Engineer: 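My questions will all concern the structure given below.
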Amino acid sequence: MSLEQHVKDIVRQAVKDALKTKAFDHTNRRQLVIANWKMNMTLEKAVAFINQLETEQSPSDVVICPPYTLLYPLKALLNANKKSIGIGAQNLHTAHEGAHTGEISSEMLQDIGCEYVLVGHSERRAAGETDAMIHEKIKRALEKGLNPIICVGETIEQREQQLTNEVVNQQLLHALEGLQDVSSVIIAYEPVWAIGSGRSASPEDAQAVHEAIRKSIYTKYGSLANALPILYGGSVKPTNASALANMKDIDGFLVGGASLVADDFTQIVQACCKGMDR
Ligand code: PGA
């Protein structure tokens, strides 16, 4: 190797290392644990759940996404009990208002004090939601000051064909296309095959995808990648939460099944705190 080439290689490596450290500072990122109750819970069960929940000491932010019918009563209950738990919806419509029977707009969510909204959950994608619709929904959410929780993830076939990073990256690029300020966005990596299956991604596999997502955010938005929370979802349980939370690019969880049992959800929130010294 020529001296010139050798010097070039050293410089290239030094730049790479410097960028890496600069881009991925893991120290100050917000941690969040989000419950996705899906089509479960009644008012009575929700009240009992909140009374049993012990997440007050947690340094992680806790958010509950109940069905629409419980958003307002839950918000009122949390306020009355002085619990610092955020409230999120599970979906919203692409339009601002109008003749859309059975739908809910971002303005309606904002109106009742909702702060977060799930967008592009795989169960909604399976029901026909396209990347274009997801993009519109994210715009509606941002316009009204709601934090969109953007769900991305591959199917088992895509994973087997080693297309995971490509699929996730494409979903993300479509979702964020043309958006300048994404500082209030939260990303949830949820492999489709892990949702509700009892089979979660291994901490190492999840970490690899989270890191790829952060790199992709860095390419598009620079150092914002340091601050953007990337959550893992898919069969998170009290037994696997700690190992997942210890991964440096996993900033918390989006929890389905295990978020319906107050004790399990409390344990997951606490396990997430243990991951703080990553
Ligand atoms: P799960 O669901 O925890 O039951 O796998 C996660 C989700 O769908 O958000």
Side-chain angles (χ1 to χ4, degrees), residues 31-41 45-46 49 53 55 60-68 70-71 85-92 114-129 134 137-138 141 146-156 158-159 164 167-168 171-172 175 185-203 205-206 209-210 213 229-245 247 250-272 275:
Q31 294 217 345
L32 280 134
V33 184
I34 302 181
N36 176 10
W37 282 357
K38 309 193 181 185
M39 200 172 72
N40 294 293
M41 292 288 210
K45 286 181 187 165
F49 179 96
L53 204 59
T55 56
S60 304
D61 291 334
V62 177
V63 176
I64 299 178
C65 299
Y68 290 134
L70 292 177
L71 278 170
I85 294 177
I87 285 292
Q90 296 173 18
N91 189 21
L92 79 169
C114 186
E115 302 145 300
Y116 299 83
V117 60
L118 296 176
V119 185
H121 189 280
S122 76
E123 285 154 17
R124 301 234 39 100
R125 289 182 194 259
E129 208 161 276
I134 290 163
K137 290 181 181 204
I138 294 166
L146 299 164
N147 298 267
I149 304 152
I150 306 175
C151 305
V152 293
E154 82 288 4
T155 62
I156 191 65
Q158 290 163 336
R159 172 159 282 267
T164 300
V167 168
V168 166
Q171 289 172 338
L172 210 56
V185 159
I186 294 157
I187 295 166
Y189 167 56
E190 297 207 302
V192 179
W193 48 270
I195 296 176
S197 65
R199 191 182 148 210
S200 92
S202 71
D205 285 350
V209 181
H210 282 232
I213 292 174
I230 307 176
L231 315 183
Y232 170 78
S235 297
V236 176
K237 296 172 275 216
T239 47
N240 60 15
S242 210
L244 285 159
M247 295 289 133
I250 298 184
D251 306 316
F253 302 118
L254 177 55
V255 190
S259 76
L260 297 170
V261 180
D263 186 41
D264 288 356
F265 190 60
T266 300
Q267 284 185 55
I268 291 170
V269 173
Q270 283 163 1
C272 194

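Every number for a ligand or one of its atoms is a count from 1 in the order of the listing. Model, not experiment: these values are computed from the prediction.
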Engineer: Would you check, one step at a time, whether the test side-chain contact (heavy atoms from CB on, under 4.5 Å) holds for Glu154 with Trp193?
Structural biologist: CA-CA 8 Å; Glu154 82 288 4; Trp193 48 270; 3.0 Å; yes
Engineer: After noting the C-alpha distance and the side-chain angles of Leu118 and Leu254, does the key distance pass the side-chain contact (heavy atoms from CB on, under 4.5 Å) rule?
Structural biologist: CA-CA 10 Å; Leu118 296 176; Leu254 177 55; 3.9 Å; yes
Engineer: Near ligand 1, which residues have a heavy atom under 4.0 Å away from one of its atoms?
Structural biologist: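 Around ligand 1, where the cutoff is 4.0 Å for heavy atoms, the contacting residues are Asn36, Lys38, His121, Glu190, Ala194, Ile195, Gly196, Gly234, Ser235, Leu254, Val255, Gly256, Gly257.
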Engineer: First locate atom CD1 of Ile34, then atom CG of Asn147, and finally report the distance between them rounded to the nearest 0.5 Å.
Structural biologist: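 Ile34 atom CD1 to Asn147 atom CG measures 8.5 Å (nearest 0.5 Å).
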Engineer: Just jot down the ring pair (Phe, Tyr, Trp, His ring centres under 6.0 Å) partners of Trp37, sequence neighbours excluded, or say none.
Structural biologist: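 Partners of Trp37 under the ring pair (Phe, Tyr, Trp, His ring centres under 6.0 Å) test: Phe49.
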Engineer: Evaluate Arg125 against Val192 for side-chain contact (heavy atoms from CB on, under 4.5 Å), listing each step before the verdict.
Structural biologist: CA-CA 10 Å; Arg125 289 182 194 259; Val192 179; over 6 Å; no
Engineer: Using 30° and 60° as the class boundaries, would you call the ring planes of His210 and Tyr232 parallel, tilted or perpendicular?
Structural biologist: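 His210 and Tyr232: tilted rings.
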